[in-house]
Amino acid sequence: VEYEAVTLANIAYDHMRYVFVVNSANEPVAGVIDGLPYGSDVKAMPLWGDGTVMTVPEGNWEFELPAFGGAGWVLYRGEK
């Protein structure tokens, strides 16, 4: 995390990984979740909202958060 108002949690549980990002600033922020294996079969599914499951073949993805917003994803390989 390179922006003081952004907090990240990366939690392993039950052969999956849960990533949470929270923006505590009074302005929107954008960032990148990075460091996943390149060309892998890793999928990211939003934990809430109307997002869809996405594959992460480049090993990263971009996100945007509104002021005081948060997001969470579950990362897994194969079928869930």
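Start at 1 with the first residue, then count along the sequence.
- Both V56 and L75 belong to a single network of hydrophobic side chains, linked directly or stepwise wherever heavy atoms of I, L, V, M, F, W or Y lie under 4.5 Å apart.
- Between N23 and F63 there is no side-chain heavy-atom pair separated by less than 4.5 Å.
- Looking at residues two or more places apart in sequence or on another chain, you find no side-chain hydrogen bond (donor to acceptor under 3.5 Å, both in side chains) involving N60.
- With values rounded to the nearest 0.5 angstrom, T55 atom OG1 is found 13.0 Å from R77 atom CZ.
- The aromatic rings of W61 and W73 stand perpendicular to each other, their planes meeting at an angle above 60°, with 30° marking the opposite boundary.
- Cluster membership for Y38 and M54, using ILVMFWY side-chain heavy atoms within less than 4.5 angstrom, is not shared.
- Here the closest heavy-atom approach between residue E27 and residue A67 is recorded as N-CB, 3.5 Å.
- For the residue pair P46 and A44, the shortest heavy atom distance occurs at CD-O, 4.0 Å.
- Atom CG of residue N10 and atom CZ of residue F20 lie 10.0 Å apart, to the nearest 0.5 angstrom.
- In the hydrophobic clustering of this structure, V29 groups with V21; members are Ile, Leu, Val, Met, Phe, Trp, Tyr whose side-chain heavy atoms approach within less than 4.5 Å, directly or through other members.
- From M16, atom CE reaches atom NZ of K43 across 13.0 Å, with rounding to the nearest 0.5 Å.
- No chain of hydrophobic side-chain contacts below 4.5 Å, direct or via other Ile, Leu, Val, Met, Phe, Trp or Tyr residues, connects F68 to W48.
- Nearest heavy atoms, P37 versus V42: CD-CG2, 4.4 Å.
- Hydrophobic clustering (side-chain heavy atoms under 4.5 Å, transitive across Ile, Leu, Val, Met, Phe, Trp, Tyr) groups Y76 together with I11.
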